[in-house]
Amino acid sequence: MTDTPTNVTKEKSLNFIEHIVTKDLENGLNDGRLQTRFPPEPNGYLHIGHAKAICMDFGIAQKYGGVCNLRFDDTNPQKEDTEYVNAIMDDIHWLGFEWGKICHASDYFEQLWDFAVRLIREGKAYVDEQTSQQIAEQKGTPTTPGTESPYRNRPVEESLALFEKMNNGEVPEGAMVLRAKIDMANPNMHFRDPVIYRVINKEHHRTGARWKAYPMYDFAHGQSDYFEGVTHSICTLEFVPHRPLYDYFIDELKEGKDLADHRPRQYEFNRLNLTYTVMSKRKLLALVQEGLVDGWDDPRMPTICGLRRRGYSPQAVRRFVDMIGYTKIDALNDYAMLEAAAREDLNKRALRVTSVLDPVRLVVTNYPEGQIEEVECVKNPEDPEAGTHTQTFSRTLWIERDDFMEDAPKKYFRLTPGNEVRLKNAYIVRCTGCTKDADGNVIEVQCEYDPESRSGMPGANRRIKGTIHWLSADHCVPCEVRLYSHLFNVENPSADERDFRELLNPESLQTRTNCYTEPFAANLAPGTYLQFQRLCYATPDKSSTPEAPVFNRTVTLRDSWGGK
Ligand code: ATP
Ligand code: MG
């Protein structure tokens, strides 16, 4: 397999951030260095939106010979956990990326503290003892100036002493904050004396009990970029209004040094929003904690581990990110595009397997009882090197219930009395009838085979319109198949006024327990990419065992939305 054609198209059309980077490198900015970072907060598992950021941060460093660090933005011990740290590292590796170093915002707590103390000394920060509600009320609006805090001009020594107290456990959470003293009338609300430190009386997963005062995002992020030597700090559009503050703190930090060409710069692209799902970590966490899904890696979740368990390949995820691209306009992307990317990629990769998900018995009445034949099946028609395996043919088979119809319309090319179909890789059979139970349900279909028509035989060339798949009833294994559809019932749950729990699709998981598959498929490891021929892409679930195989349907073979 070669990926040259995609590379060629990429060369032709750089995205806007690649244009910026190319220009900066040409101009020798930052001594011609390129350094990015991917800065997750370890307060949840990564989702497909993060994959978009990862492909940008790591991808651009890779493409232009730079380096991308993994930086844990661990400034809030309340929600952070090492479970998330480990999961984040796994997911980045799975996507196929490697970081230069692992860094943490907490690596800089000492430096940030010193910087904050310096700002207090210079009269550029003060401890405010008002409640967060009072502070919010004084913010003003974009068109009316805010009100100054009564603590704004308190003596430097007082602020220094209180800041110390904020950090030694004497101050309850919420009782005081440290604010930068900037401009309460600034049209950019982020400049209206932003809170830069708050008290959190909880142990940190890395720094333990050392700190009680923790820096806010705006006071940690840009400085961390600066300490690390990041050149291009790429993030999503909601940070556009934060950028002036990002630059402000770096200017303060550099203390007169000429950073003209040696400073991190923030660039923003549109975040990924997907139909029929949510991307907010808060909501995803609630789904997990309230047992509304089967963990972070539930195959219906938009998380990377969910997609992986569902049977997506990393290449499919990356292909999807390529398809949607990077712009400066927020949009809602169609879930169908993600599925299209999966089909495109899995078609190249998936091992073809026969499974019957809704079985009905087919008896080949003129095939000798007790006789069996091994027929050859191509493992992957898209990959000649994958080779073949065999499948056992016999007199009694399982076929899909909807591959038979007693009173079929004219264009029905599958089994109906009098009609011929090919049993894939085996014989042409003519349907002769069916048996029904007392309620009129078909319990068996009968047919006769043409002994000269086996695939590869001279008599096999007859033109037959329909081909169906089958399993020999005595040579297959029972299995469970989980059919997934959208987790939510509405296209854009995030824009809906109702509680997101009310919008869940009650039919997002359909478990089929009476399915059959080929014996070898029962032994495959989770993460093996499969195509259940004529049906769907699939993969063994993590709960699958050779005795009780379980498969997840990744995606149907064709987009059935609006169709059928
Ligand atoms: P939170 O809701 O907790 O703020 P977050 O989704 O912003 O979470 P972070 O861990 O802060 O998650 O994100 C790490 C990086 O991933 C950030 O640079 C962020 O811009 C990016 N990112 C997060 N969500 C998306 C998304 N939907 N599309 C593209 N990038 C995203
Ligand atoms: Mg965030």
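Residue numbers count from 1 along this sequence. We count ligands from 1, going down the list as the structure has it; atoms in each ligand are counted the same way. Side chains included, hydrogens not; waters and symmetry mates left out as well; all remaining heavy atoms used.
Close approach to Phe38 involves these atoms of ligand 1, each under 4.0 Å from a residue heavy atom: 15 (C), 16 (O). Near Pro39, with a cut-off below 4.0 Å to any heavy atom, the atoms of ligand 1 are 14 (C), 18 (O). Per-residue contacts place Thr236 under 4.0 angstrom from the following atoms of ligand 1 (heavy atoms of the residue considered): 19 (C), 20 (O), 29 (C), 30 (N), 31 (C). Close approach to Glu41 involves these atoms of ligand 1, each under 4.0 Å from a residue heavy atom: 9 (P), 10 (O). Distances below 4.0 Å separate heavy atoms of Ala53 from the following atoms of ligand 1: 16 (O), 21 (C), 30 (N).
Below 3.5 Å of separation, one finds an N or O of Leu272 facing an N or O of ligand 1. For the pair Arg271 and ligand 1, the shortest N or O to N or O distance falls below 3.5 Å. At least one N or O atom of Gly49 sits closer than 3.5 Å to an N or O atom of ligand 1. For the pair Lys281 and ligand 1, the shortest N or O to N or O distance falls below 3.5 Å. Where the criterion is an N or O separation shorter than 3.5 Å, residue side chain and backbone included, His50 meets it with respect to ligand 1.
Taking the six-membered ring for Trp, Phe219 and Tyr214 have ring centres at least 6.0 Å apart. Taking the six-membered ring where the residue is Trp, the centroids of Phe16 and Tyr326 are separated by 6.0 Å or more.
Residue contacts with ligand 1 for Ser280 are absent, since no atom lies close enough (heavy atoms, distance under 4.0 Å). If you look at Asn43 next to ligand 1, the close heavy atoms, those under 4.0 Å, all belong to the side chain. Contacts with ligand 1 closer than 4.0 Å are made by no heavy atom of Arg282, backbone or side chain.
Taking Tyr312 as the reference, nothing meets the ring pair (Phe, Tyr, Trp, His ring centres under 6.0 Å) condition, with sequence neighbours excluded.
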Would you list the atom pairs, donor with acceptor, under 3.5 Å between side chains in residues 109-116 and any protein atom, with sequence neighbours excluded?
{"from": "Glu110", "atom 1": "OE1", "to": "Arg210", "atom 2": "NH2", "distance (Å)": "3.4"}
{"from": "Glu110", "atom 1": "OE2", "to": "Arg210", "atom 2": "NH2", "distance (Å)": "3.2"}

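Using a distance-only test at 3.5 Å, with no hydrogens or angles considered, no donor-acceptor pair links the side chain of Ser224 to the main chain of Ala105.
Contact detail for Asp541 and Arg482: the closest heavy-atom pair is OD2-NH1, 3.4 Å. Summarising the geometry of Lys281 relative to Glu41, their closest heavy-atom pair is NZ-O, 3.1 Å, with the distance given to 0.1 Å.
Shown here is Glu507, whose CD atom has no more than 12 heavy atoms of other residues, nucleotides or ligands within 6.0 Å.
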